[in-house]
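Order of the sequence lines sets the chain letters (A, B, ...), proteins ahead of strands, with each chain counted from 1. What's counted below: heavy atoms across the whole structure, side chains too, no hydrogens, waters or symmetry copies.
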There are 2 protein chains.
Amino acid sequence: MYNDLDPLLHSQLRLAIMSILIGIEEADFVFIREKTGASAGNLSVQLDKLMEAGYLEIRKSFKGKFPRTTCKITPQGIDAFENYVRALQEYIKPGQL
Amino acid sequence: MYNDLDPLLHSQLRLAIMSILIGIEEADFVFIREKTGASAGNLSVQLDKLMEAGYLEIRKSFKGKFPRTTCKITPQGIDAFENYVRALQEYIKPGQL
DNA sequence: AAAATTTGGTTTTTATTATAAACTTGTTTA
DNA sequence: TAAACAAGTTTATAATAAAAACCAAATTTT
């Protein structure tokens with residue numbers, strides 16, 4: 001009981017990012033920013049951390065003349081997310097609702 | 001979607017504390033320390049924060065000649081915990097498992 | 001019976017984190 | 001052509017988690 005919660009995922013913003021990407025696989029920076037309501041700066045930093053950890057991959061391209069940053073969850077990211085959820089269940093189980 | 005997660009509960013140790021107390025209502029310092037594996041210092045600080053927030057009440061007494069600190073979750077604490085769980089579900093729903 | 005250890009903590013310090021503020025590069029619009 | 005906007009990144013700051021150091025009293029050891 002009370003397994004450690006992956007600190008990379010135990011963060012409101014990073015968890016929201018992963019939650020989005022688990023659902024739709026791929027999304028761009030602006031979409032994630034709007035969906036999460038995060039500041040661009042914060043989002044940039046957190047995406048980087050998730051990439052460093054191998055939880056997602058980031059592709060840079062152009063949409064017309066503007067830069068575009070696309071994020072995609074990796075198999076490792078999916079694993080980590082599922083693990084996190086499993087660990088978390090132990091903490092919240094008693095309060096099933 | 002993506003309601004804010006109560007930052008007081010979004011902490012591994014504080015969540016574990018609340019998880020224990022949701023189940024058994026009342027528990028003493030040593031029991032919680034053992035169950036969570038936290039250091040006494042960290043536990044002391046986090047219990048204090050939860051008390052400050054009105055999520056639990058702390059009673060001090062003696063067990064024989066030794067001091068004893070007993071913690072009990074409050075109705076407000078139960079509410080907060082349930083709210084947190086509800087909010088969290090939104091984040092982890094896609095990964096139902 | 002003094003010294004060392006244990007119990008049950010609290011206070012203080014340190015390292016990490018999350019987040020926002022400021023900045024960059026380029027583009028569109030007034 | 002200057003101001004405003006798009007899409008980010010980098011840097012600075014404020015909050016947090018967690019451990020280390022400390023304390024007082026009780027107990028055990030020598």
Side-chain angles (χ1 to χ4, degrees), chain A residues 2-20 26-53 55-72 80 84 87-88 91, chain B residues 2-20 26-53 55-72 80 84 87-88 91:
Chain A
Y2 301 125
N3 282 329
D4 273 1
L5 300 173
D6 180 344
L8 251 135
L9 295 183
H10 198 63
S11 136
Q12 173 146 242
L13 181 49
R14 287 195 301 269
L15 189 60
I17 294 167
M18 294 295 279
S19 169
I20 289 168
E26 206 171 282
D28 65 31
F29 191 97
V30 174
F31 178 81
I32 297 174
R33 178 168 54 65
E34 282 166 357
K35 205 124 210 248
T36 59
S39 70
N42 193 10
L43 182 55
S44 178
V45 171
Q46 306 310 328
L47 284 176
D48 233 63
K49 286 183 188 171
L50 289 170
M51 189 196 52
E52 291 289 291
Y55 289 2
L56 48 80
E57 112 216 336
I58 294 181
R59 223 172 51 246
K60 268 146 199 316
S61 59
F62 281 86
K63 175 172 52 179
K65 293 177 175 176
F66 286 103
R68 162 207 244 144
T69 300
T70 312
C71 309
K72 184 178 163 135
Y84 172 79
L88 197 57
Y91 289 74
Chain B
Y2 300 125
N3 282 330
D4 273 1
L5 300 173
D6 180 344
L8 251 135
L9 295 183
H10 198 64
S11 134
Q12 174 146 244
L13 181 50
R14 287 195 302 269
L15 190 60
I17 294 167
M18 294 295 279
S19 169
I20 289 167
E26 206 169 281
D28 64 31
F29 190 96
V30 174
F31 178 81
I32 297 175
R33 178 167 54 65
E34 282 167 357
K35 204 125 211 244
T36 59
S39 69
N42 192 12
L43 182 57
S44 177
V45 171
Q46 305 312 326
L47 284 176
D48 232 63
K49 286 183 189 172
L50 289 170
M51 190 196 51
E52 291 288 291
Y55 289 1
L56 47 82
E57 80 192 33
I58 294 181
R59 223 174 50 246
K60 266 145 199 313
S61 59
F62 280 86
K63 175 173 51 177
K65 293 176 176 179
F66 285 105
R68 162 206 245 145
T69 300
T70 312
C71 308
K72 184 179 163 137
Y84 172 78
L88 196 58
Y91 288 74

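Which of D/dG8, D/dA19, C/dA20 sits closest to the side chain of A/Pro67 comes down to D/dG8. Of the candidate nucleotides D/dA17, C/dG9, C/dT17, C/dG9 has the atom lying nearest to any side-chain atom of B/Val30. Among the nucleotides D/dT10, D/dT27, D/dT9, the one closest to any side-chain atom of A/Phe29 is D/dT9. For B/Arg14, whose side chain is taken as the heavy atoms from C-beta onward, the closest listed nucleotide among D/dT27, C/dT11, D/dA17 is D/dA17. Of all nucleotides listed (D/dT9, C/dG9, C/dA18), D/dT9 comes nearest to the side chain of A/Ala40.
The side chain of B/Gln46 contributes an N or O atom lying less than 4.0 Å from OP1 or OP2 of D/dA17. One finds a side-chain N or O of A/Lys65 lying less than 4.0 angstrom from the OP1 or OP2 phosphate oxygen of C/dT28. OP1 or OP2 of C/dT19 has not a single side-chain nitrogen or oxygen of A/Ser39 nearer than 4.0 Å. Listed pair A/Lys63 / C/dG26 fails the phosphate criterion, with no side-chain N or O lying under 4.0 Å from OP1 or OP2. Considering only side-chain N and O atoms, A/Arg68 lies nowhere under 4.0 angstrom from the phosphate OP1 or OP2 of D/dG8.
For the pair A/Leu8 CG and C/dT16 C1', the interatomic distance rounds to 12 Å; values are reported in whole Å. Counting to the nearest Å, the P atom of C/dT10 and the CG atom of B/Leu43 are 9 Å from each other. Atom CG in A/Leu5 sits about 13 Å away from atom P in D/dA17, given to the nearest Å. Following rounding to the nearest Å, B/Phe62 (CZ) and C/dG8 (P) show an atom-to-atom distance of 12 Å. Atom NE2 of A/His10 is separated from atom C1' of C/dT16 by 15 Å (rounded to the nearest Å). Residue B/Leu9 contributes atom CG, which lies 15 Å from atom C1' of D/dT16 at whole-angstrom precision. Atom C1' of nucleotide C/dT10 and atom CE of B/Met51 are separated by 12 Å, given to the nearest angstrom. With rounding to whole Å, B/Leu47 atom CG is found 13 Å from C/dG8 atom C1'.
The shortest side-chain heavy-atom distance between A/Phe66 and A/Val30 does not fall under the 4.5 Å cut-off.
Listed here is the closest heavy atom pair of B/Leu15 and B/Leu9: CB-O, 3.5 Å. Here the closest heavy-atom approach between residue B/Asp4 and residue A/Gln12 is recorded as CA-OE1, 3.3 Å.
Looking at heavy-atom distances under 4.0 Å, A/Gln12 makes no contact with the nucleic acid at all. B/Val45 comes within contact range of at least one nucleobase, with a heavy-atom separation under 4.0 Å.
Formation of a donor-acceptor pair under 3.5 Å by the B/Arg14 side chain with backbone atoms of B/Pro7 is found in this model. Of the possible polar contacts, none joining the B/Glu26 side chain to the B/Thr70 backbone as a donor-acceptor pair under 3.5 Å is found.
When the nearest nucleotides of DNA chain D are assigned to A/Asp48 and A/Phe66 by heavy-atom distance, the more 5′-ward of the two goes with A/Phe66. The 5' end of DNA chain C is approached more closely, in terms of each residue's nearest nucleotide, by B/Ser44 than by the other of B/Ser44 and A/Asn42.
Below 30°, between 30° and 60°, or above 60°: for B/Tyr91 and B/Tyr2 the angle between ring planes is above 60°, a perpendicular geometry.
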